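Numbers for residues simply follow the sequence, beginning at 1. What you see is a predicted model, and the numbers here were worked out from it, not measured in a lab.
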Amino acid sequence: MGRPTVFPTGTTVYDPEKCQNGYTLFEGTEKGILLIDMNGKAVRFWKDFQGFPCKMIRGGHLFGSLGARDPQAAYQDMTDVTEVDWDGNIEWTFNHNQLVDDDDIGEQWVARQHHDFQIEGNPVGYPVPGQESTNDFSKMLVLTHNNVRKPKISPQLLLEDRLIEVDREGTVLWEWNMLDHFNEFGFTEAQKNVMFRDPNTQEAGAEGEGDIFHVNCASYVGPNHWYDEGDKRFAPDNIIMDSREANMLWILDHETGKIVWQVGPDFTQTRELRLLGAIIGPHHTHMIPRGLPGEGNIMVYDNGGWGGYGSPSQVSKIGLKSERRDGSRVIEFDPITLKIVWECKDGNETVGFPFSAHHFYSPLTSDAQRLPNGNTLICEGTTGRIMEMTSEYELVWEYVYPDVAADVLYRAYRIPYDWIPQLDAPEEVAIPTCDNTAFRMPGAQATGYDEAEVVVPGTKGFASDMAHCVDKIN
């Protein structure tokens with residue numbers, strides 16, 4: 001990502017007066033789940049507890065997974081979704097979704113959860129005033145995998161994205177299968193042809209698995225003014241999702257299963273779509289919940305990088321991952337007009353353009369959370385950078401994960417202090433933005449104009465040197 005060899009880690013910028021102060025929760029790949037305060041101090045670490053993603057509810061109850069299936073047997077499958085208390089004691093677990101037979105373990109029941117789940121009471125999974133999950137929830141939405149044969153789509157074994165709702169006893173109450181709705185998305189013949197030949201095959205299992213859509217989020221639309229005003233597409237129980245590989249966002253009707261709202265994969269069809277701009281490899285698409293600034297708008301981490309299916313081109317010789325943009329953005333837009341309301345991208349001075357400071361780019365993972373004070377928490381996953389940005393693009397908090405060379409961050413969430421009564425609110429110490437022109441490593445010397453020997457072109461010595469060069473050339 002063009003980073004220097006040495007750079008500061010931990011909290012690097014912090015303005016307590018302008019931040020939505022609290023704890024920040026995230027997972028470093030396979031190491032465990034970490035909770036830090038605003039100054040970057042680790043206050044709790046759940047070792048070997050994985051989060052794909054990790055989520056917390058009031059009382060310090062944490063949701064994640066006890067493990068993942070062997071990557072050689074399955075692609076990005078978690079064995080379970082589990083709730084633990086503050087001390088790591090298991091309070092609830094779900095794994096009774098599919099019975100599988102893995103070579104290294106044998107038969108076992110697994111959840112096959114991946115990328116997202118939502119706990120009853122909260123539509124999006126991050127703290128929302130007035131919309132909180134409780135420890136006695138009775139229903140959970142879980143994004144899972146399913147292996148299917150759909151020869152009209154591709155002869156390859158396909159890794160289907162499957163939504164289920166389960167009760168507290170693990171009974172499946174409702175399900176929705178992505179590939180059953182393949183023809184509703186309006187793919188061109190060229191796109192279908194590419195998917196048929198190579199549906200993004202992952203080397204897992206005996207045959208490999210065609211991860212054709214790679215859905216990475218699923219959340220309820222939640223209460224919103226669009227529905228109150230009569231637009232049934234935005235019914236609170238409807239579910240919003242996105243596809244990292246197909247470059248599209250959509251809402252499905254919970255009652256009928258039909259696609260009722262869609263953006264992408266073609267961003268040239270209308271003037272409104274062209275102004276919105278291509279969304280490539282998206283993550284964490286959701287409707288900003290009621291009670292937060294921007295409620296009712298759609299927020300998405302538009303990763304950029306590579307994604308999409310299309311005709312072969314100079315970008316993609318086989319038409320797989322046919323679009324590319326080396327830069328990310330977070331966009332908030334009106335779901336009716338598609339007009340961008342707020343956008344944080346590489347062109348914002350505080351993010352680091354042009355050419356100096358930070359290049360805003362995470363082609364994988366990442367998320368964005370609207371905070372109660374109107375700021376936005378942004379997790380730039382592949383660089384391990386988490387930042388809080390005001391609506392005026394002022395960077396008021398920045399944290400760089402120390403182990404980013406080995407790990408990426410999937411998502412990060414800001415957690416209110418009062419959700420964790422086990423801890424006293426920490427001291428908040430401001431960290432002003434560092435002046436890079438004066439920052440030096442121990443032992444390094446300052447590099448300033450006034451410390452150097454000054455040579456001015458046009459001086460006597462300089463002129464005679466130039467005359468000598470000219471004589472030599474002649």
Side-chain angles (χ1 to χ4, degrees), residues 22-37 42-69 77-100 105 108-145 163-174 217-220 222 369 410-424:
Y23 300 105
T24 303
L25 182 75
F26 59 90
E27 183 223 12
T29 307
E30 296 183 353
K31 286 184 171 65
I33 295 171
L34 188 62
L35 187 73
I36 63 170
D37 66 18
V43 297
R44 202 70 165 182
F45 179 58
W46 291 266
K47 188 177 185 299
D48 298 328
F49 196 48
Q50 299 182 41
F52 199 24
C54 54
K55 298 187 178 185
M56 182 170 280
I57 64 173
R58 184 180 288 274
H61 299 269
L62 183 66
F63 289 79
S65 177
L66 297 171
R69 293 177 67 193
D77 269 11
M78 307 308 287
T79 59
D80 59 279
V81 181
T82 296
E83 176 191 2
V84 299
D85 66 13
W86 181 250
D87 295 316
N89 300 306
I90 295 175
E91 298 200 329
W92 179 86
T93 191
F94 167 70
N95 64 0
H96 216 73
N97 182 29
Q98 286 189 22
L99 184 64
V100 299
I105 295 176
Q108 63 171 336
W109 281 98
V110 294
R112 299 202 70 182
Q113 179 269 333
H114 71 97
H115 286 94
D116 218 347
F117 57 85
Q118 306 298 339
I119 308 158
E120 180 187 47
N122 185 306
V124 294
Y126 60 69
V128 179
Q131 297 183 58
E132 294 185 7
S133 302
T134 61
N135 195 38
D136 60 351
F137 68 93
S138 60
K139 185 176 71 171
M140 178 182 284
L141 176 71
V142 186
L143 178 59
T144 72
H145 278 145
L163 282 175
I164 60 174
E165 288 176 327
V166 299
D167 63 18
R168 201 164 182 85
E169 287 69 47
T171 303
V172 176
L173 308 172
W174 174 91
C217 66
S219 63
Y220 294 109
Q369 171 189 349
Y410 178 55
R411 291 186 191 173
Y413 293 121
R414 178 64 49 78
I415 307 297
Y417 287 138
D418 63 3
W419 276 32
I420 307 176
Q422 297 89 343
L423 296 173
D424 295 328

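Atoms CD and OG1, from Gln113 and Thr79 in turn, are 9.5 Å apart once rounded to the nearest 0.5 Å. Taking CZ of Phe94 as the start and CG of Asp167 as the end, the distance is 9.5 Å to the nearest 0.5 Å. In this structure, CE on Met140 lies 10.0 Å from CD on Glu120, to the nearest 0.5 angstrom. For the atom pair Arg411 CZ and Asp116 CG, the distance stands at 4.0 Å (nearest 0.5 Å). Lys139 contributes atom NZ, which lies 11.5 Å from atom OG of Ser133 (distance to the nearest 0.5 angstrom). Within the model, atoms NZ of Lys31 and NZ of Lys47 stand 10.5 Å from one another, a figure rounded to the nearest 0.5 Å.
You'll find the side chain of Val110 stays beyond 4.5 Å of the side chain of His145, heavy atoms only. Side-chain contact check for Val43 versus Ile420: every heavy-atom pair is 4.5 Å or farther apart. Within the 4.5 Å cutoff, the side chain of Ile90 has heavy atoms near those of the Leu66 side chain.
Listed by chain and residue number, nothing satisfies the ring pair (Phe, Tyr, Trp, His ring centres under 6.0 Å) test with Trp419 (two or more places apart in sequence, or in another chain). Listed by chain and residue number, Ile57, His61, Phe63, Glu91, Trp92, Asn135, Phe137, Arg168 satisfy the side-chain contact (heavy atoms from CB on, under 4.5 Å) test with Glu83 (two or more places apart in sequence, or in another chain). Partners of Tyr126 by ring pair (Phe, Tyr, Trp, His ring centres under 6.0 Å), not counting sequence neighbours, listed by chain and number: His286. Every side chain to side chain donor-acceptor pair (under 3.5 Å) that Gln108 has, sequence neighbours left out, goes to Asp102. Residues that satisfy the ring pair (Phe, Tyr, Trp, His ring centres under 6.0 Å) test with His115, not counting sequence neighbours, are Phe52, His214, Tyr410.
In this structure a side-chain-to-backbone donor-acceptor pair under 3.5 Å is missing from Thr144 to Leu163. A donor-acceptor contact shorter than 3.5 Å links the side chain of Ser65 to the backbone of Asp80. Gln118 contributes no side-chain N or O that, together with a main-chain N or O of Leu141, makes up a donor-acceptor pair within less than 3.5 Å.
For Lys55 and Phe117, the positive end sits near the middle of the six-membered ring, less than 6.0 Å away and at most 45° from its axis.
Considering every non-hydrogen atom in both Ala412 and Thr24, the closest pair reads CB-CG2, 4.2 Å. Counting all heavy atoms, side chain and backbone alike, Phe26 lies closest to Ile36 at CE2-CD1, 3.9 Å. In this structure, Pro127 and Pro416 approach most closely via the heavy-atom pair CG-CD, 3.6 Å. Among all heavy-atom pairs drawn from Phe45 and Leu34, the shortest one is CD1-CD1, 3.9 Å. Nearest approach of Gln50 to Gly67, heavy atoms of both residues: NE2-CA, 3.8 Å. Shown here for Pro123 and Ser219, the closest heavy-atom pair between the two residues is O-CB, 3.2 Å.
Aromatic rings of Tyr417 and Tyr23 (six-membered ring for Trp) have centroids within the 6.0 Å cut-off, being under it.
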**Study point:** Residue pair Leu25, Leu62: steps toward the side chain to side chain contact (heavy atoms under 4.5 Å, CB included) verdict
**Key:** CA-CA 10 Å; Leu25 182 75; Leu62 183 66; 3.8 Å; yes
Practice item. Decide salt bridge (charged side-chain N to carboxylate O under 4.0 Å, His left out) for Asp87 and Arg44; before the verdict, give the C-alpha distance in whole Å, the side-chain angles of both, and the deciding distance to 0.1 Å. Key: CA-CA 10 Å; Asp87 295 316; Arg44 202 70 165 182; 2.8 Å; yes
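Residues in residues 124-138 take part in these salt bridge (Lys or Arg N to Asp or Glu O under 4.0 Å) pairs, two or more places apart or across chains: Arg58-Glu132.
In this structure, Asp418 places its CG atom where more than 12 heavy-atom neighbours from other residues, nucleotides or ligands lie under 6.0 Å away.
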